[in-house]
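A short write-up of the structure that comes next.
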Amino acid sequence: MRIATWNVNSIGARLPRVLEWLEVAQPDVLAVQELKCAETAVPVEEFAALGYEIAALGDGRWNGVALLSRVGLEDVTRNLPTQPEFEGSIEPRAIGATCSGIRVWSVYVPNGREVDHAHYTYKLQWYDALRDMAVAEMAANPDQAFTIIGDYNIAPTDADVWDISAFANSTHVTEPERAKLRDLEAIGLIEVIPRALKGEPYTFWDYRDLGFQKGKGMRIDLIYGNARLTDCVTGAYVDREARKGKGASDHAPVVIDISL
DNA sequence: ATGCCCTATGATATAGGA
């Protein structure tokens with residue numbers, strides 16, 4: 001079983017690259033973030049032609065998440081039960097489903113913007129809601145393989161950014177953010193750290209400043225799972241190749257193989 | 001020293017990204 005996560009930065013703009021990647025990488029499940037389109041506008045038929053069902057959550061221009069699966073897609077849950085609002089709305093940032101017995105969540109955690117911004121507080125609150133969901137679901141099905149994959153918008157360690165000194169007073173590397181990752185570990189979630197295909201551990205390179213070309217990346221697309229799942233991981237990698245060339249997303253896919 | 005890019009939108013600027 002191969003599961004992957006990819007922040008595609010617009011499913012519309014990225015459709016040819018995503019279809020091509022599905023054919024080459026052959027994931028059974030793909031968690032997608034930043035659809036940037038309404039769920040009613042998701043290109044369902046193109047994915048169906050490759051054998052994938054899709055469950056999508058999106059309301060337009062920003063955010064949006066989905067799960068693609070060719071091994072079943074059941075018990076779809078939209079949003080986190082205690083997900084906080086931002087400026088009065090519940091944003092489409094989390095969708096869960098059961099795929100061939102594995103519970104999978106695709107998440108796009110809020111960015112935070114600046115450490116003194118309301119969005120940063122929202123980000124931290126969002127993590128509490130993510131933890132609450134994980135606690136409840138794992139308690140309800142303690143023997144089920146469970147994973148939360150997606151764009152966490154946190155670099156777990158200083159080595160997960162190209163130059164920590166460039167991140168003074170920046171989001172994504174602060175202690176309160178990293179403490180939220182430790183909260184997830186405290187409830188029994190374990191991070192699966194992928195190997196990089198070419199040295200760099202990163203999963204994101206900003207379009208601005210030509211980050212990819214200069215090796216200025218960040219590892220922010222993460223995989224956490226319960227022991228039932230992580231004990232069965234046979235491999236994991238970042239598909240850095242997918243970040244290359246014209247028309248690439250600013251994120252690379254992250255892939256795990258598991259043998260339950 | 002700074003910006004350099006890319007996306008979608010009631011677009012010909014703007015907001016957001018991290």
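Keep in mind the model is a prediction, meaning the values are calculated, not measured. Labels below follow one simple rule: chain letters A, B, ... track the order of the sequence lines, proteins then strands, and each chain is numbered from 1.
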Using atom [atom1] of [X] as one end and atom [atom2] of [N] as the other, report the distance to the nearest whole Å.
X: Lys246(A); N: dT7(B); atom1: NZ; atom2: P; answer: 8 Å
X: Gln33(A); N: dG17(B); atom1: CD; atom2: C1'; answer: 14 Å
X: Asp209(A); N: dG17(B); atom1: CG; atom2: C1'; answer: 14 Å
X: Lys36(A); N: dG16(B); atom1: NZ; atom2: P; answer: 12 Å
X: Leu15(A); N: dA8(B); atom1: CG; atom2: C1'; answer: 16 Å
X: Glu91(A); N: dG17(B); atom1: CD; atom2: P; answer: 8 Å
X: Asp160(A); N: dA18(B); atom1: CG; atom2: C1'; answer: 15 Å
X: Arg208(A); N: dC5(B); atom1: CZ; atom2: P; answer: 11 Å

It should be established whether [X] places a side-chain nitrogen or oxygen under 4.0 Å from OP1 or OP2 of nucleotide [N].
X: Asn153(A); N: dA18(B); answer: yes
X: His251(A); N: dA18(B); answer: yes
X: Arg61(A); N: dT14(B); answer: no
X: Ser10(A); N: dA8(B); answer: yes
X: Tyr207(A); N: dG16(B); answer: no

* Asked: Would Lys216(A) and Asp206(A) pass as an ion pair if we require N to O under 4.0 Å?
  ->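 Salt bridge: no.
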* For Ile11(A) and Cys37(A), which heavy atoms make the closest approach, and how far apart are they? ->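 Nearest pair, atom of Ile11(A) first, then Cys37(A): CG2-SG, 3.5 Å.
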Tell me what [X] touches on the nucleic acid: a base, only sugar-phosphate, or nothing, going by heavy atoms under 4.0 Å.
X: Phe167(A); result: nothing
X: Asp151(A); result: sugar-phosphate
X: Glu177(A); result: nothing
X: Lys214(A); result: base

* Taking the six-membered ring where the residue is Trp, are the ring centres of Trp6(A) and Trp21(A) under 6.0 Å apart? ->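 Between Trp21(A) and Trp6(A), which both carry aromatic rings, the centre distance is below 6.0 Å.
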* **Candidate pair His119(A) and Tyr122(A), rule ring-ring contact (aromatic ring centres under 6.0 Å, His included), full reasoning** => CA-CA 5 Å; His119(A) 211 261; Tyr122(A) 168 53; 5.3 Å; yes
* **Val109(A) or Leu35(A), whichever maps to the more 5' nucleotide of DNA chain B** =>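 Per heavy-atom nearest nucleotide, the more 5' residue is Leu35(A).
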* To do: Would you mind telling me which residue lines up with the more 5' stretch of DNA chain B, Asp206(A) or Trp62(A), judged by nearest nucleotide?
  =>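 The answer here is Trp62(A).
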Taking atom [atom1] in both [N] and [M], what distance in whole Å separates the two?
N: dA1(B); M: dT7(B); atom1: C1'; answer: 28 Å
N: dA18(B); M: dC6(B); atom1: P; answer: 15 Å
N: dA15(B); M: dG10(B); atom1: C1'; answer: 15 Å
N: dT2(B); M: dG17(B); atom1: P; answer: 22 Å
N: dT9(B); M: dC4(B); atom1: P; answer: 23 Å

* Asked: Has the side chain of Arg113(A) got a donor or acceptor that lies under 3.5 Å from a partner of the other kind on the base of dG17(B)?
  ->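 There is none.
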* Asked: Nearest to the side chain of Ala13(A) - dA8(B), dG17(B), dG16(B)?
  ->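 In terms of side-chain proximity for Ala13(A), the closest of dA8(B), dG17(B), dG16(B) is dA8(B).
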* Arg219(A) to Tyr202(A) six-membered ring, cation-pi geometry met (6.0 Å, 45°) ->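 Ring-cation test returns no.
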Got a list of side-chain donor-acceptor pairs under 3.5 Å for residues 24-32 of chain A, not counting sequence neighbours?
unit_1: Gln26(A); atom_1: OE1; unit_2: Arg70(A); atom_2: NH1; d: 2.6
unit_1: Gln26(A); atom_1: NE2; unit_2: Glu23(A); atom_2: O; d: 2.9
unit_1: Asp28(A); atom_1: OD1; unit_2: Arg70(A); atom_2: NE; d: 2.9
unit_1: Asp28(A); atom_1: OD1; unit_2: Arg70(A); atom_2: NH2; d: 3.2
unit_1: Asp28(A); atom_1: OD2; unit_2: Arg2(A); atom_2: N; d: 2.8

